[in-house]
Amino acid sequence: MRLGHIFERRGAALGGLLLLAVAGCSAATTGTTPGTAARAASDPRVGLRAGWMNAGSVARNLSLVAAIPRPDEFVNPSDPGDFGFANTDLAFQGNYLFLGNYNGFQVYDISDPRNPRLRTRFVCPGGQGDVSVWGNLLIMSVEETRGRLDCGRGGVRDSVSPERFRGVRIFDISDLDRPHQVATVQTCRGSHTHTLLADPNDRENIYIYVSGTSMSRPEAELAGCVRNAGLDDPNNPYFRIEVIQVPLAAPQNARIINMPRIFADPQTGRIAGLWPGGSHGPGTQETAQTNMCHDITVYPEIGLAAGACSGNGILLDIRDPANPVRVAEVIDPNFAYWHSATFSNDGDKVIFTDEWGGGVQPRCRATDRREWGADAIFRRSGHTLTLAGYFKLPAPQTATENCVAHNGSLIPVPGRDIMVQAWYQGGLSVFDFTDPENPVEIAYFDRGPLSDTQLLLGGYWSTYWYNGYIYGSEISRGLDVFELQPSEFLTRNEIEAAKLARFERFNPQFQTKITWPATYVVVRAYLDQLERGGGLPAERLQAVRRELDRAERLEGAEQRAALTELAASLERDLPGARDANRVRRVIETLREMAKAGG
């Protein structure tokens, strides 16, 4: 969500803002994409009944297993789209889900994902309220000018005030029923989002990359903040991020240790070294100036971060967490605002999202270009990014539904690149980008608009996979939980194999390498993929499955011998296999199983 450029202080007339957004964007349509009319006629997501808690809904290859409304402290009953009570991002740890909100955060016990139980509600206004979690610490982003140091509900009346807080809050959650604030780190532009980074070589600290997107506060409120600074002013609060170091043994001592100029020209040192803002030529987008990052996704195991930074997508070398260094950048004339990033598990692909319209406008209409407000999928080789393809929600949405690409995560199906993604009032979509030139939607869930007469803020802010289920932060409705169902796109074996990839915690902008135990269901998932893609002849796959079933019935040395022999026989299939890489994965898994005793 990107509103800092629209307003600094949340007002009561937000509904009017969204209505103006509808009117203001009506001229931005670009002609119906070929095939859109046919999709609109056949897609069951089109024409769903409008409503708040009673909207029509439809699902394909997903089951909605829980729908939890927002607690009273986090909802305005007279305005479902009130920004001051909007649900935002999610984080997970153990059996707990942490749900951010413009008015604070909620904690749910998800020991039984089909029956989440509200454990804690903590009111602390300030927006966006994005959260991350590490052990006994919860980190929260604060950007709005109403944020107070004491988490008070009364806001801040004065334009300059020592009571105002904009930056990163740190809470001690060792007692989940009584969280308490232990640190506040002020920043010039506040914290729209943040990224938690744990360095495997530094067990004493965690690091927070702060992405501020609002106007800077004045120096009279916070020293070093110069609202109208020139490009040569070392205190210019734009064209940088902040790096906060949090000592785990003393989080109250959290502080900014660096403000790297990650957009600087490497030759001249000029801080505004990337996209200057504006059009790329006839028929292209008006792309924002690169003076901020919206999201930064770190992947420590490959030593890189992907930054979605308003006018560019960038790669950062994060091997020294305190000193991230830009090593690559890309531009796309179809992007209005680079919003978020996700690596594939092997790191050879990066998905960047375009939040055209800031998340408050209808950008999935039948007349909107398929490459605008979409995902751009890049192949990565070293520090080189090459555009491969685009994915956009295929079901046209109405003019009263804010819709554009937003937050999502990988679904850990071994051997495939699959992502679940939020599209605001476009619902959620699950798509396969294993072939990045030809991404394919394989599942979805959608509700009708909040209203069929006016645009109200709603829909999914985030949808993430966590330990076997998909969780959705619904801005105006609450928390939803989904379970994948077998289909022509995804077999039962593949779903069960995905459930074997377990996370101790999950923070959306902190990717970790996904691994799977060597088990029979993982082998069967690979075999299902070989069958779907014609990687081995059908008769050969049938024989392999028979031998695998036989090995599973054996025990001890006989089982190990059967698995070893099956792996050896598949080695002989490699020269003629259409998908030799996947056959190798089967072989490797079988040998790991044999080594472990079956």
Side-chain angles (χ1 to χ4, degrees), residues 33 35-51 54-67 113-114 351 364-366 370 373-375 390-398 401 403-413 416-435 438-450 458-466 468-474 477 479-499 525 528-529 531-533:
T33 303
T36 298
R39 286 196 302 272
S42 60
D43 197 301
R45 286 170 282 189
V46 175
L48 291 170
R49 182 183 70 251
N54 62 342
S57 65
V58 65
R60 184 185 185 198
N61 304 331
L62 283 170
S63 293
L64 176 65
V65 299
R114 294 172 173 269
I351 292 178
C364 302
R365 299 160 297 180
R370 305 301 303 163
D375 301 324
Y390 294 93
F391 175 80
K392 188 171 184 178
L393 186 76
Q397 304 293 304
T398 69
E401 292 174 284
C403 178
V404 76
H406 213 233
N407 299 337
S409 75
L410 299 181
I411 295 178
V413 175
R416 298 174 69 179
D417 294 319
I418 297 177
M419 182 171 175
V420 58
Q421 185 174 19
W423 290 81
Y424 290 111
Q425 287 201 69
L428 72 84
S429 178
V430 179
F431 66 99
D432 184 321
F433 65 102
T434 310
D435 176 0
N438 299 286
V440 177
E441 185 179 58
I442 63 176
Y444 60 73
F445 177 84
D446 192 16
R447 290 188 176 95
L450 283 166
Y460 289 110
W461 184 285
S462 305
T463 54
Y464 302 127
W465 171 280
Y466 182 71
Y469 291 83
I470 293 169
Y471 296 85
S473 168
E474 224 286 1
R477 295 184 175 102
L479 174 68
D480 290 336
V481 187
F482 300 88
E483 190 170 21
L484 281 168
Q485 297 300 316
S487 68
E488 67 270 33
F489 302 109
L490 201 61
T491 66
R492 171 61 65 188
N493 289 322
E494 289 176 299
I495 294 171
E496 293 305 314
K499 291 180 178 181
D528 291 346
Q529 293 164 15
E531 179 179 11
R532 184 185 295 114

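Just so it is clear, the model here is predicted, and its values are computed rather than measured.
Residue M419 holds its CE atom at 7.0 Å from CZ of F433, rounded to the nearest 0.5 Å. Interatomic distance, CG of D417 versus CZ of F431, reported as 10.0 Å (0.5 Å rounding). Taken from CZ in R492 to CG in D528, the straight-line distance is 12.0 Å, to the nearest 0.5 Å. Expressed to the nearest 0.5 Å, how far CG of N407 lies from OH of Y424 amounts to 7.0 Å.
Checked by atom type and distance alone, the side chain of S487 pairs as donor or acceptor with a backbone atom of F489 at under 3.5 Å. Under the 3.5 Å distance criterion, the side-chain polar atoms of R114 are left unmatched by any main-chain donor or acceptor of V481. A donor-acceptor pair under 3.5 Å links the side-chain atoms of Q421 to the main chain of H406, judged by distance alone. The main-chain N or O of S63 is never found under 3.5 Å from a side-chain atom of Q485 such that the two would form a donor-acceptor pair. Formation of a donor-acceptor pair under 3.5 Å by the R416 side chain with backbone atoms of T434 is not found in this model.
None of L484, V413, L410 except one satisfies the side chain to side chain contact (heavy atoms under 4.5 Å, CB included) rule with I418; the exception is V413. For the side chain to side chain contact (heavy atoms under 4.5 Å, CB included) criterion with L62, the lone passing option out of I470, V420, I442 is I470.
Residues R447 and Y460 form a side-chain contact, since some pair of their non-hydrogen atoms from C-beta on lies under 4.5 Å apart. Here the side chains of V430 and N61 are not in contact, with every heavy-atom distance at 4.5 Å or above. The shortest side-chain heavy-atom distance between W423 and T463 does not fall under the 4.5 Å cut-off. For the pair P113 and Y471, the minimum side-chain heavy-atom distance is below 4.5 Å. With contacts defined as side-chain heavy-atom distances shorter than 4.5 Å, the pair R532/T491 qualifies. Here the side chains of C403 and L393 are in contact, with some heavy-atom distance below 4.5 Å.
Nearest heavy atoms, G427 versus D446: N-OD1, 3.5 Å. In plain terms, the two heavy atoms of W465 and S409 that are nearest each other are N-OG, 3.1 Å. Considering all non-hydrogen atoms of both residues, L48 and P449 come closest at O-CD, 3.8 Å. F391 and A374 get closest at one heavy-atom pair: O-CB, 3.3 Å. When every heavy atom of V46 is checked against every heavy atom of P396, the shortest pair comes out as CG2-O, 3.9 Å. E441 and P394 get closest at one heavy-atom pair: OE1-CG, 3.2 Å.
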Output, in order, the C-alpha distance, side-chain angles, deciding distance and verdict of ring-ring contact (aromatic ring centres under 6.0 Å, His included) for F445 and F482. CA-CA 9 Å; F445 177 84; F482 300 88; 4.9 Å; yes
Check the pair E401, R45 against salt bridge (charged side-chain N to carboxylate O under 4.0 Å, His left out), reporting the backbone distance first and the verdict last. CA-CA 12 Å; E401 292 174 284; R45 286 170 282 189; over 6 Å; no
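Side-chain atoms of Q529 and E494 include a donor-acceptor pair closer than 3.5 Å.
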